[in-house]
Every structure is written in C-alpha cells, then in structure tokens.
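Chain letters run A, B, ... following the sequence lines, proteins first and then strands; every chain starts at 1.
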Amino acid sequence: MGSLIPILDLNNLPESAAGTTPNTTISAVSMKVPKIEPKLEPFDEPLDTHLPQLPPEPFISTPTPNSLTNSQINPFSDQNHTPVSDSSAAPSDQENVYSEFHRISELFRTAFAKGLQSIGDGEVEVLDPDARAIVPVPQETQISEAVVARRKYPKRSSELVRVTDLNIEDQRYFRDVVRKTRMLYDSIRILTVAAEEKRNPGNGKRVRGDLQAASALRDRGLWLNRDKRIVGSIPGVYVGDLFFFRMELCVVGLHGQVQAGIDYLPASQSSNHEPIATSIIVSGGYEDDEDAGDVIIYTGHGGQDKFNKQCAHQKLEGGNLALERSMHYGIEVRVIRGIKCQGGISHKVYVYDGLYRIFDCWFDVGKSGFGVYKFKLLRMEGQGEMGSAILKFAASLRASPLSVRQSGYLSLDISNKKENVPVFLFNDIDSDQDPMYYEYLAATVFPTQVFHQSGKGTGCDCVDGCFGNCFCALKNGGEFAYDDNGCLLRGKPVVFECGPFCHCPPTCRNRVTQKGMRNRLEVFRSRETGWGVRSLDLIHAGAFICEYTGVILTREMAQIFAMNGDTLVYPHRFSDRWTEWGDLSQIYPDYVRPTYPSIPPLDFAMDVSKMRNVACYMSHSSTPNVMVQFVLYDHNNLMFPHLMLFAMENIPPMRELSLDYGVATVSEADEWTGKLAICN
DNA sequence: GCAGTATCAACTTG
DNA sequence: CCAAGTTGATACTG
C-alpha cells in the first residue's frame, strides 16, 4: 500500500516572485518511505497485537527502574556508547532519567494506540491524504485583535510532502521564485538599515534588518513553502547555497525555526501523532557535536542554560523525538551548516549541505556530565559537492593555490598587478590558453571627446567623506547608491559616484566601484561553457565585483572596426537586470522604481579584441547571478557610463558567475549591422 | 473537541 | 555578557 501524497499545489504558491506558473504539472510526490530495519534490540514485553507488523519498538515497554540494566536505560542501546548510569551522573539524576523514560514510554504507548493504524507492511504512510488537516475558516464572530493578527499569518501547514522529479522547466521556475524572494529579502534588509542610519546617524543601536525584512515579507504572505512541509530538498534551493541570516532560511522554507536547530512537524499535527524531523542546523553550539562532513554526530536540543552550557539532561521530546522518528522511518533531513566567518555582513554564514539520513541514535553522557541525545547522520549519495567543503577548499586555494592544485594554472595573475587582487587563469581540461594573449585592461578607455563633452566638472565639497545631503547625494536623487558595506541599495539607470571634482577623500563611501575589485576571481576552462569566471571568495548579494572593460567606440568608430571583423560588445543589449535589484513593488503596491537620473539609450560599442578584463569571460545566463549597473565617476557624460558588475545573489566560492547579455533582436541587429553593411 | 491564550524554549544578532 | 527580538510548539482554559 504505497502511499501517495498530493501534488505540490502550484496554484497555492505565493505570488511572491516569479512571473507565470509553469503550465506543466509537477510530478506527484510519493512519500514511500523505505523500511529500515531497526537496529535496536526489542524489549522482552511483546507488542500489542492490534498493531500489526509494527517494527519492534522499545518505547512501548515500561520497565521499572529496578529492573533496568544499563543497556535498557538507554532506549537506543549500543554497547559502544556510554550508558547514562555512568558514575559521572549523580544518583538522583539517574533516577530522573529512569522516570523520564517511564514517562516517555507511557507517552508512546498512548500515541501508538491512537494513531498508528496508518502504518502497515513496512511502507509508512506518513500522511493520510483524506485525514489531512483542513484548516477551517471560522465564522467571523467577536475576535480579539491578537487573533486577527495571528490569522493574517496562517500556521505552518501540517501536510508533509516530498517534491521529486522536477523537470528542467519547473526547476528553473522554482529557482527564479527563490531568487526573487531572496533579492527582495536582501533589498528590504539593506534598505531598512540604510533608512534607519539616515534617520538616526551614528546611533549605536542598530536596527535588525534581518528581522524587519522577514516580517515585511511575512505580512504580505511572501514566505515560501508554508503551505506544505517539505521533506527532502526545497525546490529552487541548491546544495551549496549561502545564507547570512536564520530568518532568511525561514523565509525560503529551508528551516523554519528562528533559533532552534531542529525543525520538525510536531506530533500534534502529524497524521500518526509522531513528530517528523525535516531539517537541522549544525552550528557548533553543542559541545558534543562531532562534524566530519559526510558523517555527523549531532546532539539533540535542550538542557542548556542561557550561556549555552549544558546544565540538565536532555529529554526525548520535541526535535529530539522527531529525529528519532525520522530515523525510524528512514526519512531524510536537510542539513544546514552554520560557519563562523570573519568580515562580511554577518559573523556567520549558513550553507545548505544537502540531505542526510539518520542511522543511529543513543543517549549518552555529554562532556558536561549531563545526558544528551546523539544522532549519527550520513550524507546521502548522488548530491552536489558539499557547500561547506567548497568553502574550505576555496580558503585553501586562497592561501596557497599551487600546493592545492599542482597543475592547471596558466597564470597566477593575468592582470599583472593591475587589479587590487590577483586574477587566476586555470585550465585543467585542454590546452587552450587564449586569455593569455590579451592585454589586461583594468579600466575602460573612453574616447577623449567624452571628457570634453561632459563640460565643467562638478563635485561635492565634503571634506571628511560624504554624508546625508551633499551635492553628490542629490545627484543620485537624494540618497547614496551604496550602504556602509559597499552594497548597491537598488538598481538605477545610472549611479553617480564622487569623482575628481569632489573634495572628499578616496575612502568616501560613494566611491565603491572606482576602488576596484575586492574578490579574487579565476578565469577557468569548462566543458560546458568554454571559458568562465568564478570567485575564490564568497560574494555578498549587492556587492560590486568588477567592471566590464573595453575600448569604447562611438558608432562611427564601431563601423570601421566591424569592417575588420573584430568582435564588438554592444552594451545597450545587456538586459536591464538592475530593475530587479531593490524592486519593492511587491511590498509597496505604489512603488515606482527609480527612473532618475535617466540616461539616453547607449549608443556605443566596446572593442575587446585586444584588451579586455575578467568580465569578458563571464558566461551568459537567463537566470544570472551578476548584473550590469551603469556608473559615472571620472566624467559626467551620460552617454558613456561605466559598465559595473554587481552580484544579484550571494555567490558561493567556485560557483560560476553569469551575466544576462540579452538577446539581440532583429531590429537591433539591423540597426547596427544593417548600417554597417551599408558602410561596407 | 476546539479555538483562543499564555508561556517558553531556541545552535540569533549586534 | 546581555538585551531585544521572533517564531513555533505546547500546555492550559473556557
């Protein structure tokens, strides 16, 4: 009786991101849970006969403390593990443990009696579709404001589903939903912090942008995956994806607990009255954790005081029980690792490391001497490389590239020190060395007339860095384009940075892109995309990456160049991805994206046939992680802005950077090549 | 049994 | 080390 569970309902997806729903139906989600032989020795007491074919279940017996042996004290008895009756635990504690087990066992006895009829011949119907909790819509009577407030945010669903076999189109759709939601989250987070800073400059107390952004999205029903509890991977979230805030994990639906490390479907909502774990965060907060990557010994939660010191025995309830039940049914859990990192916008980064299965669990005496539950998790096969491992790998590459990779490097800096940071060139798959043959161009070269046409230079008079309403802020429409970390607040037709006519120092916050690259990039060869670019550092969403450089050609010059057959880049073809960055129209219906300062359509081409920089090697994608933002600083000629590249999402190290080069429409092509042809 | 309320735990952030 | 802050689970109440 393999159980089926309903299909993921596309119609119920929040309108959040994403244009249209794909018209294909998503494959049915089958929650066929493989039977796993329990490793546990059954207790002597026989199982109730009305629970057919139930795997041996130790919880059902209720031994008295006096009759317990060490191995029986431990419900997940294993000779290798220290029994709790170890001398380090005081006798009174030991008794507590006994009574605790007594209590749990009772609890289970009743739970099993009530709800386990949905379990049979080894396949577990975790969900009974017909018995699915239907959230009733109560008649509006007299209800308190608190209730109204609560109703606005419906409870998390109790419907447990697994999403499998998404086709490419669906995958792209969900990725886009996640991408847009995260962009929105980051925009709100950055903007609220910036707004508060503007209102209250130098205030020691900082507003929690992470929380504000989350509630702004929640208020509008934009949290993802609340209508289903997803077991297994979350559509649109890839192994290796990076997050900087716990709240963002909640928004995406990867992990629904703000602080707790174990997320689970609570027993009260489960169809068989047993809790089921869905995800955990391995964050190093429990001293008894042992993390070896593919194998994790994870400590359950509870028993800690305010200072995260173990001060009491853990209990087999809540998340701990859920993990045990997930093990029992062989249900996989998502694993997210929290890794300390210096610098950046947060002191911790959360990496989605994929799915694990729980293979063992036992009650142990922790380093503190108190009883803790431990779970042994093994990473499932066939998943992408672990994000946390890639982070480590990238760190070692940064430290000493040649000792990590003996061969493959064609250059340790193709920029020849023209950039702040080296640009590596790596090819370990064929003999192509093409990028070696170009002169590295760190900044775009404009025709001299560009500077003449821009007229008398104007700048601000700030002496000590720019604040508030200086001239340059006004040029940008009254606000600076960047936050304190140098992240782009929102995309604009063009950004004015401070320049040579300003009196502010080079350290001014309004000089982000002219300060140059901050991340170590690597041009690399791949079978799929030819040459590509990736970063050895993780790049924050909104961060400046590098310029797209070339030698600027006016239309007239371009015609001559094109006759030589040189390949030219036409900047007006880049898709206006900047419009997506900081677009709050989903939050404020009357939101209009910035149109000021407006610029005329670009009318120039770029020659990259002899001189170019890293950007030239970025691949095209229709779901890019990098976008173009036009920036002016060394001249004021609106016709000829710099093409500056910013990250549209948090980009993990070693992940390929991609740009939306746009598609040349027929008319565009005509416009250029047509005229060029005439010229010919 | 259920809806509303109160309480509390939780590997946060700054 | 602590305060502010949020969610979800659960126990309790009528």
Base, sugar-phosphate, or nothing: which does [X] touch, judged by heavy atoms less than 4.0 Å apart?
X	value
G256(A)	sugar-phosphate
G338(A)	nothing
I281(A)	base
G285(A)	base
D289(A)	base
K348(A)	sugar-phosphate

- Query: Where along residues 297-305 of chain A does a heavy atom come under 4.0 Å from DNA chain B, residue by residue in number order?
  - Reply: Y298(A), T299(A), H301(A), G302(A), Q304(A)
- Item | Whole-Å gap separating C1' (dG8(C)) and CG (L254(A)) | 17 Å
- Query: CD1 of I262(A) versus P of dT10(C): gap in Å, rounded?
  - Reply: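 I262(A) atom CD1 is separated from dT10(C) atom P by 12 Å.
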Side-chain N or O of [X] closer than 4.0 Å to phosphate OP1/OP2 of [N]:
X	N	value
Y350(A)	dT13(B)	yes
R246(A)	dT7(C)	no
R218(A)	dT7(C)	yes
S268(A)	dT10(C)	yes

- Counting side-chain heavy atoms from CB outward, which of dT6(C), dA10(B), dT10(C) is closest to A260(A)?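 For the A260(A) side chain, the nearest candidate turns out to be dA10(B).
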- Message: As a test of reading the structure: which of dT13(B), dA9(C), dT7(C) is closest to the side chain of R208(A), going by heavy atoms?
- Response: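 It is dT13(B).
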- Message: Using 30° and 60° as the class boundaries, would you call the ring planes of Y264(A) and H301(A) parallel, tilted or perpendicular?
- Response: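 Perpendicular.
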- Item | Geometric class of the Y185(A)/F245(A) ring pair [parallel <30°, tilted 30-60°, perpendicular >60°] | tilted
- Item | Side-chain-base donor-acceptor pair under 3.5 Å for Q259(A) and dG5(C) |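 Indeed, a donor on one side and an acceptor on the other fall under 3.5 Å apart.
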- Message: Return the pairing partner of dG5(C) with a 3.5 Å limit on both distances, Watson-Crick or G-U wobble; otherwise return none.
- Response: none
- Item | Modelled atom types, side-chain donor and acceptor of D263(A) and Q257(A), under 3.5 Å |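 D263(A) vs Q257(A): donor-acceptor pair found between side chains.
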- Message: We want to know whether S535(A) and D537(A) form a side-chain donor-acceptor pair, criterion being a heavy-atom distance below 3.5 angstrom.
- Response: no
